[in-house]
Amino acid sequence: MDYNRLADLLFPDVTLYPEDMEKRYPERSLPEGAKVTRIAPSPTGFFHFGGLFPATVGERLAHQSGGVFYLRIEDTDSKREVEGAAEFITKILDYYGLHFDEGVTADGDKGDYGPYTQSQRVGIYHVYAKQLVRDGRAYPVFSTDEELDELKAADKKAEIKSVNWEEEAEARREAMLARRQFTMEQVEAELAAGHRFALFAAADGDPEKKLKVTDLVKGTLEIPENDEDVVLLKSDGIPTYHFAHAVDDHLMRTTHVIRGEEWLPSLSKHLMLFRYLGFRAPKYMHIAQLMRLDENGNKKKLSKRDMGANLDDYRRMGYSVKAVNEYVMTLLNSNYEEWHMQNPDKDREEFPFSVKKMSASGCLFDIEKLNDVSKNVISRMTASEVYDGVLAYAETEDPEFYETLAADRAYAEKILSIGRGGNKPRKDFAVWADVKPYMSFFYDKYFTREDEMPADRDRADIVKALLGFLETYDSRDDQNTWFEKCKDIAESIGYARETKLYRKEPEKYRGHVGDVASFIRVAVTGRMNSPDLYEVINILGEDRMRQRILDETELLK
RNA sequence: GGCCCGUUGGUCAAGAGGUUAAGACACGGCCCUUUCACGGCUGUAACAGCAGUUCGAAUCUGCUACGGGUCACCA
């Protein structure tokens with residue numbers, strides 16, 4: 001067979017050669033050891049939470065080494081493409097603090113190795129496709145539209161459990177061998193009839209022979225050589241992932257391909273393609289998948305449908321970017337947490353991220369741990385930072401609360417300052433959504449009496465204590481004086497001045513000072529629990545405090 | 001089913017031939033405390049199994065079991 005002629009027949013419009021591409025996209029001049037990484041999502045309008053892992057690793061590796069981190073959009077599957085998805089991706093990645101040096105951005109492509117959207121690179125793929133035909137490594141397969149439809153319909157077959165794998169494999173093999181048989185005349189006839197073709201790479205591997213590959217996280221892998229022909233170009237001329245991966249990562253000079261371990265089974269194909277194309281293969285890192293527990297208690301890959309799979313959900317649930325990022329980092333390098341405790345003031349960028357520390361096995365997503373990380377993150381923020389965080393969250397998720405907060409920043413910050421700072425800060429919030437119920441009683445329009453007065457205390461005592469409090473209250477008192485007065489009130493109604501005294505001899509008293517504090521707390525906040533009462537009253541102001549206590553005593557009568 | 005990957009407490013995990021097998025989360029107890037949220041102390045709990053190598057194995061090898069991934073003109 002005259003492969004040169006076949007190549008011209010198949011790709012009459014392609015006039016460039018691989019050498020031209022090499023010239024157009026030369027080796028990058030970067031410092032020794034600099035890594036070039038990328039993330040390459042499909043524009044489906046959905047960004048998987050798990051996608052944050054390879055993205056974070058790529059970002060850290062590139063920027064830790066003075067290299068390049070870029071974003072490439074893999075839109076080779078038009079069926080799954082969603083309008084505006086690329087924009088959504090750039091937005092959400094930016095939101096999560098992943099900053100790119102190159103690639104698709106909100107204002108178009110940035111960088112010398114573009115275009116960075118695969119659908120705009122078809123001409124480039126065809127140059128290499130034509131070369132592979134010339135080399136006798138790739139061949140066309142013609143299909144009519146009906147046959148194509150059938151293929152698509154057959155997709156579901158793989159989902160049916162009762163596949164006879166042996167028969168299936170044999171049939172596949174036979175079909176493959178049959179496809180490889182064709183004559184130039186047949187090709188000419190098909191072309192003349194206007195039929196479209198898919199381009200396949202003929203596999204030359206022997207699965208009995210193993211290939212030793214080093215994966216930076218999995219270690220040394222032994223994978224069988226590839227003996228399955230690989231689809232390079234689909235009938236519409238668009239490349240498959242496999243082909244685009246080889247061409248793009250070579251031309252964009254990616255040094256490290258970081259992706260999920262679901263790609264491991266096709267690694268053999270990719271390595272073959274790199275060899276056919278005469279490219280040096282990049283270093284690979286296959287990252288273990290994030291898992292969830294199914295109803296039988298087995299681990300399952302966290303898939304699109306699962307709760308918590310959508311990265312954007314975390315924003316909606318009110319997790320801060322920092323918390324999510326720290327959680328991810330904790331899972332990626334488990335010594336991060338320890339490092340962070342020892343270096344509380346240092347930024348995540350300063351952490352010596354290590355590939356060696358990464359786990360080869362998939363871990364379970366643990367919302368409890370995320371919450372803990374998140375509480376710590378928020379507890380370290382200033383009141384002003386918390387305010388900004390809540391405000392940004394409420395703007396989209398709770399517009400009414402947003403208005404309330406925005407109306408008086410100083411007031412909200414005062415509330416958020418309670419118990420903040422110092423080395424034992426309060427840890428009340430795991431998510432921004434926790435803030436509203438926490439501070440609601442500070443706003444008259446949200447104030448409700450949620451908890452009752454303690455049932456085991458005398459109503460008349462309560463009223464006496466409350467009125468006594470109003471009588472002696474002086475807003476100029478410091479906390480100590482204020483609480484001494486509470487003790488006086490306790491004593492005046494036959495309660496113990498100290499809680500300890502009461503515990504020792506409960507029969508001697510009708511209650512204790514803690515009860516008095518509770519009465520005031522319930523009257524003022526409507527709850528049994530609240531942050532520091534003295535500060536709460538100071539922030540609320542004397543007038544509102546008096547009004548609420550008066551209202552409460554009315555209710556008790 | 002073939003192929004590949006994985007397996008240390010409930011979860012995330014240190015650990016790289018000799019350790020009382022870290023730590024964090026969760027859970028329990030005690031303490032602190034005017035409630036809550038913190039904080040301190042403390043407890044329960046693990047090397048999947050079996051062989052082999054070795055004076056000695058969580059660490060090396062093999063097998064088994066279990067779990068996961070994957071087998072598209074999807075990525």
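Note that the structure is a prediction, hence the values are computed from the model and not measured. Letters A, B, ... mirror the listed sequences (proteins, then strands); counts begin at 1.
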**Message:** So if I take every side-chain heavy atom of A:D77 and compare against B:A75, B:C4, B:G1, which nucleotide ends up nearest?
**Reply:** B:A75
**Request:** Please tell me if the side chains of A:E413 and A:T382 come closer than 4.5 Å, counting only heavy atoms from C-beta onward.
**Result:** no
Work out how far the [atom1] atom of [N] is from that of [M], and round it to whole angstrom.
N     : M     : atom1 : value
B:A57 : B:U70 : C1'   : 34 Å
B:C60 : B:C5  : P     : 15 Å
B:C27 : B:U19 : C1'   : 27 Å
B:G39 : B:C4  : P     : 48 Å

**Any A:K300 side-chain N or O less than 4.0 Å from OP1/OP2 of B:G68** = yes
**Asked** Quick one: is B:A13 close enough that its OP1 or OP2 comes under 4.0 Å of any side-chain N or O from A:S359?
**Response** yes
**Cation-pi, A:Y446 ring and A:K436 (6.0 angstrom, 45 degrees)** = yes
**Request:** Measure the distance between the ring centre of A:Y241 and the centre of the six-membered base ring of B:A75, then answer whether it is under 5.5 Å with planes under 30°.
**Result:** no
**Prompt:** For A:L370 and A:A323, which heavy atoms make the closest approach, and how far apart are they?
**Reply:** CD2-O, 4.1 Å
**Asked** Taking any strand in view, what nucleotide pairs with B:G67 in a Watson-Crick or G-U wobble way, both distances under 3.5 Å?
**Response** B:C5
